Amino acid sequence: QVQLVESGGGLVQAGGSLRLSCAASGTDFSFNAMGWYRQAPGKQRELVGAIARAGSTNYADSVQGRFTISGDNAKNTVHLQMNSLKPEDTAVYYCAAVRFGSLAVVYFVDYWGQGTQVTVSS
């Protein structure tokens, strides 16, 4: 059984930084892509950033230049370094992975982490 286990998150003041990490267990294959979604209260879940097996990355416009995603394909791990955090970044952040295809469409995500809360105070 594949599991994605997240760590990191918490409470930080605006302008601060946090680092999220996610590690997969129960796999004998490499994901085609891993990344992070987030969901704020009353809003839809949105893609924050993703990293493909080949190493290419993409980000939501709202976090471009502030967040950096990295990963180890062989170990099925992914990290999200979040700098210059804003109150509007407050959300539950979910690690996500796909065995094939891309992470761009939420309905195609194969595996989800349990979610970790990120709260940015003003």
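Predicted model only: the values in this text are computed from it and were never measured.
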Q: Group every Ile, Leu, Val, Met, Phe, Trp and Tyr by side-chain heavy-atom contacts under 4.5 Å, then state whether L4 and F29 land in the same group.
A: yes
Q) Does one hydrophobic cluster hold both V120 and Y93, with members joined at side-chain heavy-atom distances below 4.5 Å? A) yes
Should [X] and [Y] count as side-chain neighbours, where that means a heavy-atom distance under 4.5 Å?
X	Y	result
Y94	V92	yes
N58	L47	yes
E6	S21	no
M82	L20	yes
V78	C95	yes

Q | Pairing residues for D89 by the side-chain hydrogen bond (donor to acceptor under 3.5 Å, both in side chains) criterion, not counting sequence neighbours | A | R38, R66
**Q.** Under 3.5 Å side-chain donor-acceptor pair for Q117 and T119
**A.** yes
Side chain of [X], backbone of [Y]: donor and acceptor closer than 3.5 Å?
X	Y	value
R19	L80	no
T116	G8	yes
N32	G101	yes

Q | Ring centroid separation Y37 to W112 under 6.0 Å | A | yes
**Q.** Parallel, tilted or perpendicular, as decided by the 30° and 60° cut-offs, for the rings of Y111 and F31
**A.** tilted
Q. Excluding sequence neighbours, so at least two apart, what forms side-chain contact (heavy atoms from CB on, under 4.5 Å) with T77?
A. A23, D72, K75, H79
Q: Over all heavy atoms of both residues, which pair between T68 and Y59 is shortest? Give the atoms and the distance, please.
A: CA-OH, 3.5 Å
Q | side chain to side chain contact (heavy atoms under 4.5 Å, CB included) assessment of F67 paired with L18 | A | CA-CA 10 Å; F67 291 10; L18 284 173; over 6 Å; no
